[in-house]
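Reading through the structure tokens given below for one structure.
Since the model is a prediction, treat every value here as computed from it, not as a measurement.
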Amino acid sequence: KGESQEAAVIRQGNYVEKIEPGVDYKDRLPRIPPLPPAESVSRMRLIAGFRIEQVAAEPMVCDPVDIAFDERGRMFVAEMTTYAQARETLTGRVSVLEDLDNDGRFDKSAVFVDRLAFPSGVFCFDGGAFVASSPDLLYCKDTDGDGKADIREVVFTGFDFSNPSQCPNSLRW
């Protein structure tokens with residue numbers, strides 16, 4: 001107790017913050033309670049002339065981290081349910097959602113490919129989808145029409161997976 005502790009200094013660009021040891025910062029980081037999806041949408045601030053609508057929510061999707069649309073208007077959702085768990089749990093997945101009645105809201109959700117570790121990105125291509133699932137970039141495709149990927153090929157491998165926050169993501173051309 002007799003030793004003095006120095007404050008830590010965080011520098012990021014022009015931002016500098018001094019962190020004092022023993023100081024309780026909880027008042028600076030208030031907890032925000034979760035809201036029902038409709039109420040969450042109503043609290044979003046948009047630029048004039050834009051609107052936002054909910055098209056899917058739980059239980060149709062769980063822990064989404066990326067989405068992509070295919071040529072048929074289906075939405076592929078990378079669901080990282082494995083975040084902050086052991087990589088070996090393999091509970092991540094990509095689900096595909098469909099709007100069956102063309103009302104702008106997705107009605108059907110099915111698992112396209114599962115048993116993934118850290119599925120952090122999805123990109124539709126040629127009737128299938130590239131999926132970032134560290135350490136691999138996979139190409140998954142349904143060839144028999146049952147809605148589940150029966151092709152699951154490693155296209156590239158070698159991504160680091162020691163930190164799920166740093167996995168490859170946002171697959172875009």
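Using a 4.5 Å cut-off on side-chain heavy atoms (C-beta onward), Asp126 and Tyr139 make contact. With a 4.5 Å cut-off on side-chain heavy atoms, Asp107 and Glu98 do not count as touching. Side-chain contact check for Leu138 versus Val154: some heavy-atom pair is nearer than 4.5 Å.
A distance of 9.5 Å separates CE of Met80 from CG of Asp63, quoted to the nearest 0.5 Å. Atom OG1 of Thr157 and atom CG of Leu137 lie 9.5 Å apart (nearest 0.5 Å). To the nearest 0.5 Å, atom CZ of residue Arg93 and atom OG of residue Ser133 are 14.0 Å apart. Taking CG from Asp150 and NZ from Lys141, the interatomic distance works out to 10.0 Å, rounded to the nearest 0.5 Å. Separation of atoms CZ (Phe118) and CG (Leu90) is listed at 9.5 Å; rounding is to 0.5 Å. Once rounded to the nearest 0.5 Å, the distance linking OG of Ser120 with CZ of Phe159 reads 8.5 Å.
Ion pair Arg172/Asp66 flagged as a salt bridge, since at least one NZ, NE, NH1 or NH2 atom sits closer than 4.0 Å to an Asp/Glu carboxylate oxygen.
Here the side chain of Asn169 pairs a donor or acceptor atom with the backbone of Cys167 at under 3.5 angstrom.
Minimum heavy-atom separation, Phe130 to Val155: CE2-CG2, 4.0 Å.
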